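Notes follow once the structure below has been shown.
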Amino acid sequence: MTKLRAIRGMNDILPEETPYWQSLEGTVRDLLHSYGYGEIRLPIVEYTELFKRSIGEVTDIVEKEMYTFADRNDESLTLRPEGTAGCVRAVIQQGLLSTPQRLWYSGPMFRYERPQKGRQRQFHQVGVEAFGIASPDIDAELILLSARLWRLLGISDAVTLELNSIGSPAARAAYRAALVEYLEARREQLDEDSQRRLDSNPLRILDSKNADTQALLDDAPSLANYLDEESQADFARLCALLDAAGQSYRVNPRLVRGLDYYNKTVFEWVTDRLGAQGTVCAGGRYDGLVEQLGGKATPGIGFAMGLERLVLLLSETGAAVPLAQDADLYVVSVGAAAELEAVARTEALRDILPERRIVLNAGGGSFKSQMKKADKSGARLALIWGEDEVSQGTCAVKSLRGEGGQQSVAVQDLPEYLRAALV
RNA sequence: GUGGCCGUAGCUCAUCAGGUAGAGCACCGGAUUGUGACUCCGGAGGUGGCGGGUUCGAGACCCGUCGGCCACCCCA
């Protein structure tokens, strides 16, 4: 079979699927534009150090999922596993933080994981970030913006919003200690993975999928009780804003996120229609990150959505109607002289009908086989040039859909004729 | 990294007590001299993922390996 193949988890996206992508990307782009967000384009490769310092040294992403390699000058580079780190680096480096910034970006991310439904090693995200705004009104804006996107895409019914506050770093540290104390005493009752996490990342035990572990957590200390006053107030305000906007949500006190830089507001849009990969969009506040990466202290908040997962959702819910890929016209010619005529006339037609999808037969073939290709192209009309047409200065226009038949049209009348016929 | 299921024509799949492989779709050609779709006829296309083993003989059984899917872990 094929010796040469794509790397595991790095998939080709074929012409059959790209209409979904184009439709999704177009909707996202227009929506972000309308909310006043500006697009920023970022490198796919950054110094490894950037990700270690932002995502966190002991996270799974940094420990075992990054594509890291040495550059020719022996500097350690990494294919970005997520977008926020690079975006923060860019706004610091480019001096964009003197005023609040609303930014977005789109592109591939890379994580060395075992592929499964809704997860691949090269995947695509759209990230949205807001810098320099500490108040929860911006939190609400981002959430309402994403909610509007689901409406535009027709998938509102398939997703729900989960919300939580994980407080300040200090509050979280205090809570972590309490949680560890509680769970340490019950270590034997935890599932194997959670026992391991007790040492590495105890907060993540909260969203364990193990039922027994979840039951054990019912009597555990609650993160909400450890929140600092500001986090409590901001979270209450965010909820009030969402209520006022009519945005429903579920407060999930066990929602924590995997990246170290989050604080205060965290949220996820989840679905039950994508198998095990329920999260379609997720984010939160990262007020300390800019300073941590060497910029002046600047609050930040953002989220990322997984494009593969959204495309899956779009196709599985049948919500999106991809653009038709059918041609409008297919141009057929028989004989060398007719081909000259066909090529020249078709180019002239493209000048006049630039919005039409015109496919010129290439590769020769019998008249019959050209007509078969014309039919397969989905074109509504075939333009036919043969000896007779060339000598008479006409073109045979044949309808390929429904009734219609064939008409002989003088070449000078073609543009007008086609304009009317293709309405 | 771990587990389950799976790997036969481009695609979807079948066959069989183990006796060197078929269908549908797609593709190519023909059925009027320059006319598609529908129908009919014909054709091309597979070292049965790869490598070992058992056997007189393996796509079918066994082992290994590679790959795919799904799940765990983690995450978008």
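A, B, ... follow the sequence lines: proteins, then strands. Residue 1 opens every chain. Every value quoted in this text rests on a predicted model; they were computed, and no experiment measured them.
B:rC11 and B:rU47 have their P atoms separated by 13 Å, given to the nearest Å. A gap of 47 Å separates the P atoms of B:rC70 and B:rA31, to the nearest Å. Comparing the C1' positions of B:rA23 and B:rU32 gives a spacing of 33 Å, expressed to the nearest Å. Separating the C1' atom of B:rG43 from that of B:rA26 is a span of 14 Å, rounded to the nearest Å. If you take atom P in B:rG67 and the same atom in B:rG24, they sit 35 Å apart, rounded to whole Å. Annotation: B:rA9 and B:rG59 have their C1' atoms spaced 14 Å apart (nearest Å). B:rG49 and B:rU12 have their P atoms separated by 15 Å, given to the nearest Å. To the nearest whole angstrom, the two C1' atoms, one in B:rG3 and one in B:rC73, are 12 Å apart.
Applying the side chain to side chain donor-acceptor pair (under 3.5 Å) rule to A:Glu141 yields the partners A:Tyr37, A:Arg102; only residues at least two apart in sequence or on another chain are considered. When the salt bridge (charged side-chain N to carboxylate O under 4.0 Å, His left out) test is applied to A:Glu39, the partners found at least two apart in sequence or on another chain are A:Arg41. For the side chain to side chain donor-acceptor pair (under 3.5 Å) test, residues two or more places apart in sequence or in another chain that qualify with A:Asn263 are A:Asp287. Applying the side chain to side chain donor-acceptor pair (under 3.5 Å) rule to A:Asp212 yields no partners; only residues at least two apart in sequence or on another chain are considered. The side chain to side chain donor-acceptor pair (under 3.5 Å) test applied to A:Arg187 returns A:Glu184, A:Asp199, not counting sequence neighbours. Evaluation of the side chain to side chain contact (heavy atoms under 4.5 Å, CB included) rule for A:Asn11 yields A:Gln120 as partners, not counting sequence neighbours.
Sequence neighbours left out, the pairs with a member in residues 371-384 of chain A that pass side-chain hydrogen bond (donor to acceptor under 3.5 Å, both in side chains) are A:Asp375-A:Arg401.
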Secondary structure of RNA chain B in dot-bracket form (Watson-Crick or G-U wobble, distances below 3.5 Å, | marking inter-strand pairs): (((((((..((((........)))).(((((.......))))).....(((((.......))))))))))))....
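Summarising the geometry, the separation between CG on A:Leu4 and C1' on B:rG67 is reported as 14 Å, rounded to the nearest angstrom. Going from atom CG of A:Leu14 over to atom P of B:rC11 covers 12 Å, rounded to whole Å. Between A:Lys373 atom NZ and B:rU35 atom P the separation is 16 Å, expressed in whole Å.
Annotation: side chain of A:Gln101 is not in contact with side chain of A:Glu129 (no heavy-atom distance under 4.5 Å). Side-chain contact check for A:Arg285 versus A:Ile138: some heavy-atom pair is nearer than 4.5 Å. Under the 4.5 Å side-chain criterion, counting only non-hydrogen atoms from C-beta, A:Trp150 is in contact with A:Val280.
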Can you check nucleotides 37-39 of chain B for protein contacts, nitrogen or oxygen pairs under 3.5 Å, and list what you find?
residue : atom : partner  : partner atom : Å
B:rA37  : O4'  : A:Asp375 : OD2          : 3.1

Please list, for nucleotides 24-26 of chain B, all pairs of protein and nucleotide N/O atoms separated by less than 3.5 Å.
none

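No contact: A:Glu192 has no heavy atom under 4.0 Å from any strand.
Note that A:Arg119 lies outside the cation-pi zone of A:Phe123, set by a 6.0 Å cut-off to the ring centre and a 45° limit from the axis. The side-chain tip of A:Arg121 does not point at the ring of A:Phe110 from less than 6.0 angstrom away and within 45° of straight on.
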Base versus backbone protein contacts along nucleotides 69-76 of chain B [heavy-atom cut-off under 4.0 Å; B, S, -]: -SBBBBBB
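For the pair A:Asp191 (side chain) and A:Asp193 (backbone), a donor-acceptor distance under 3.5 Å is present.
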What side-chain donor-acceptor pairs closer than 3.5 Å can you find for residues 151-159 of chain A, not counting sequence neighbours?
residue  : atom : partner  : partner atom : Å
A:Ser156 : OG   : A:Arg151 : N            : 3.3

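Side-chain N/O atoms of A:Gln406 and base N/O atoms of B:rG36 include no donor-acceptor pair closer than 3.5 Å.
Residue A:Ser366 is the one, among A:Asp388 and A:Ser366, whose nearest nucleotide of RNA chain B lies closer to the 5' end (criterion: closest heavy atom).
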